[in-house]
Amino acid sequence: MSLRPHQAEAVDSVLRTLSEQPGKGIPPEGLRTQVIAATGSGKTLIGAEVTNRLPARRVLVLVPTLDLLLQTAAAWRAGGRRGAMVGVCSLRGADSQGVPCTTDPNELVAWTAGPEMVTVFATYASVGLGVLQRAHAAGLPVWDLMVLDEAHRTSGDSGRPWTAVHNQAQVPAVHRLCSARAAGEGISGLRRCPPARARRARAPSGG
């Protein structure tokens with residue numbers, strides 16, 4: 001995958017932050033970081049490249065809309081992500097553009113079972129409906145990496161359903177990568193995701 005300089009810098013910084021420190025191991029809450037990047041600066045590509053280089057076998061990608069779910073899945077496939085791709089959303093048939101989708105927790109567990117590489121793309125609405133939480137309660141294993149796009153949408157107090165993505169008891173992950181458009185977005189939801197040490201990515205001029 002060909003990255004712009006600011007994207008490559010962000011990827012390197014994220015990988016440093018998400019790396020296990022010698023002698024310390026993985027903390028109970030997992031390893032977390034966030035990327036603050038302007039719209040159009042390539043947060044999707046940054047997430048895909050981090051996944052390729054981590055490496056991460058079981059990956060959960062959370063997005064706010066159905067359109068973005070399909071766009072992200074296509075971009076990750078084009079960026080070299082291998083293995084099965086599954087959607088947790090209401091799309092069916094031709095509307096899913098070849099991505100098998102479900103809202104059944106038991107079906108999600110069955111579809112992602114086994115040692116093979118798998119990437120699950122889910123909407124935040126599926127978290128609000130408790131689909132992922134019930135799947136984990138039914139035996140869905142921990143994620144190697146969780147990527148939260150537009151993570152400011154998960155902000156708020158712990159009683160809001162979307163904040164479950166930050167809770168190891170509900171949606172567990174070894175690594176979390178949160179992305180937001182501005183440093184002031186999602187302060188509550190991102191409090192446990194320290195920023196990666198990289199300059200803020202800016203959208204390239206002209207678009």
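Side chains are part of it too, since the values below use all heavy atoms of this structure and drop only hydrogens, waters and symmetry mates.
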Undergrad: What distance do Asn52 atom CG and Arg82 atom CZ have between them, rounded to the nearest 0.5 Å?
TA: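 One finds 7.5 Å between CG of Asn52 and CZ of Arg82.
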Undergrad: Considering only heavy atoms from C-beta outward, does the side chain of Arg176 approach that of Val165 to under 4.5 Å?
TA: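 SC-SC contact between Arg176 and Val165 ruled out.
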Undergrad: Asp95 side chain to Ser90 main-chain N or O, any donor-acceptor pair under 3.5 Å?
TA: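 Judged by distance alone, no pair lies under 3.5 Å.
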Undergrad: Can you tell me how far the CG atom of Leu70 sits from the OG1 atom of Thr65, to the nearest 0.5 Å?
TA: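 If I round to the nearest 0.5 Å, the distance is 8.5 Å.
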Undergrad: Verify, without hydrogens or angle tests, whether Gln133 (side chain) and Val171 (backbone) share a donor-acceptor contact under 3.5 angstrom.
TA: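 Not confirmed, Gln133 side chain does not pair with Val171 backbone.
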Undergrad: Check whether any side-chain N or O of Asp144 sits under 3.5 Å from a backbone N or O of Val59 as a donor-acceptor pair, and report yes or no.
TA: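 Not at all, since once roles are kept as given, no pair shorter than 3.5 Å links the two residues.
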Undergrad: For Val109 versus Ala138, what's the shortest heavy-atom pair and its separation?
TA: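 Closest approach of Val109 to Ala138, heavy atoms only: CG2-CB, 4.3 Å.
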Undergrad: So do the side chains of Leu15 and Val11 get within less than 4.5 Å of each other, counting heavy atoms only?
TA: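 A side-chain contact under 4.5 Å exists here.
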Undergrad: Could you check whether any side-chain heavy atom of Phe121 comes within less than 4.5 Å of a side-chain heavy atom of Gln71, counting everything from C-beta outward?
TA: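 Phe121 vs Gln71: side chains apart.
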Undergrad: Hey, mind stepping through Leu60 and Leu132 against side chain to side chain contact (heavy atoms under 4.5 Å, CB included) and telling me if it holds?
TA: CA-CA 10 Å; Leu60 172 64; Leu132 288 167; 4.1 Å; yes
Undergrad: Using side chain to side chain contact (heavy atoms under 4.5 Å, CB included), reason through Arg53 and Asp12 one step at a time and then give a plain yes or no.
TA: CA-CA 10 Å; Arg53 290 176 53 185; Asp12 290 342; 3.1 Å; yes
Undergrad: Find the distance between CD (Glu49) and CG (Leu3) and round it off to the nearest 0.5 Å.
TA: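 Reported to 0.5 Å precision, the distance equals 5.0 Å.
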Undergrad: For the side chain of Ser13 and the backbone of Glu9, is there at least one donor-acceptor N/O pair under 3.5 Å apart?
TA: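 No: the side chain of Ser13 does not pair with the backbone of Glu9.
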Undergrad: Is there side-chain contact between Thr72 and Val147, with at least one heavy-atom pair below 4.5 Å?
TA: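 Side-chain contact under 4.5 Å: no.
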Undergrad: Is any side-chain heavy atom of Val63 less than 4.5 Å from a side-chain heavy atom of Glu150?
TA: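 Val63 does not reach Glu150 side chain to side chain.
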Undergrad: Rounded to the nearest 0.5 Å, what's the gap from CG on Leu145 to CG on Leu18? Could you check?
TA: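 Separation between the atoms: 7.0 Å.
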Undergrad: Side chain to side chain contact (heavy atoms under 4.5 Å, CB included) between Leu31 and Ile26: does it pass, once the steps are laid out?
TA: CA-CA 7 Å; Leu31 294 167; Ile26 303 293; 3.4 Å; yes
Undergrad: Determine whether Gln7 and Val35 make a side-chain contact, defined as any pair of heavy atoms from C-beta on separated by less than 4.5 Å.
TA: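 Contact flag for Gln7/Val35 side chains = no.
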Undergrad: Between Thr123 and Leu66, is the side chain to side chain contact (heavy atoms under 4.5 Å, CB included) condition met? List the steps.
TA: CA-CA 7 Å; Thr123 60; Leu66 295 173; 3.9 Å; yes
Undergrad: Looking at CZ of Arg58 and OG1 of Thr112, how far apart are the two atoms once the value is rounded to the nearest 0.5 Å?
TA: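 Reported to 0.5 Å precision, the distance equals 4.5 Å.
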Undergrad: From Cys101 SG over to Leu108 CG, what is the distance, rounded to the nearest 0.5 angstrom?
TA: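 Cys101 SG to Leu108 CG: 11.0 Å, rounded to 0.5 Å.
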Undergrad: Below 4.5 Å, heavy atoms only, C-beta onward: do Leu177 and Thr33 meet side chain to side chain?
TA: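 Yes; the side chains approach each other to less than 4.5 Å.
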Undergrad: Report yes or no: does Thr51 contribute a side-chain atom to a donor-acceptor pair with the main-chain N or O of Gly47 at less than 3.5 Å?
TA: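 It does hold such a pair.
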Undergrad: Is there a side-chain contact between Pro172 and His136 in this structure, where contact means two heavy atoms from C-beta onward sitting under 4.5 Å apart?
TA: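 In short, these two side chains touch, coming nearer than 4.5 Å.
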Undergrad: Give the minimum heavy-atom separation between Ala164 and Gln170, together with the two atoms involved.
TA: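 Scanning both residues completely, I find the closest heavy atoms to be CB-OE1, 3.4 Å.
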Undergrad: Specify the closest pair of heavy atoms between Arg81 and Thr119, including all atoms of both residues, with the distance to one decimal.
TA: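 Minimum heavy-atom separation between Arg81 and Thr119: NE-OG1, 2.6 Å.
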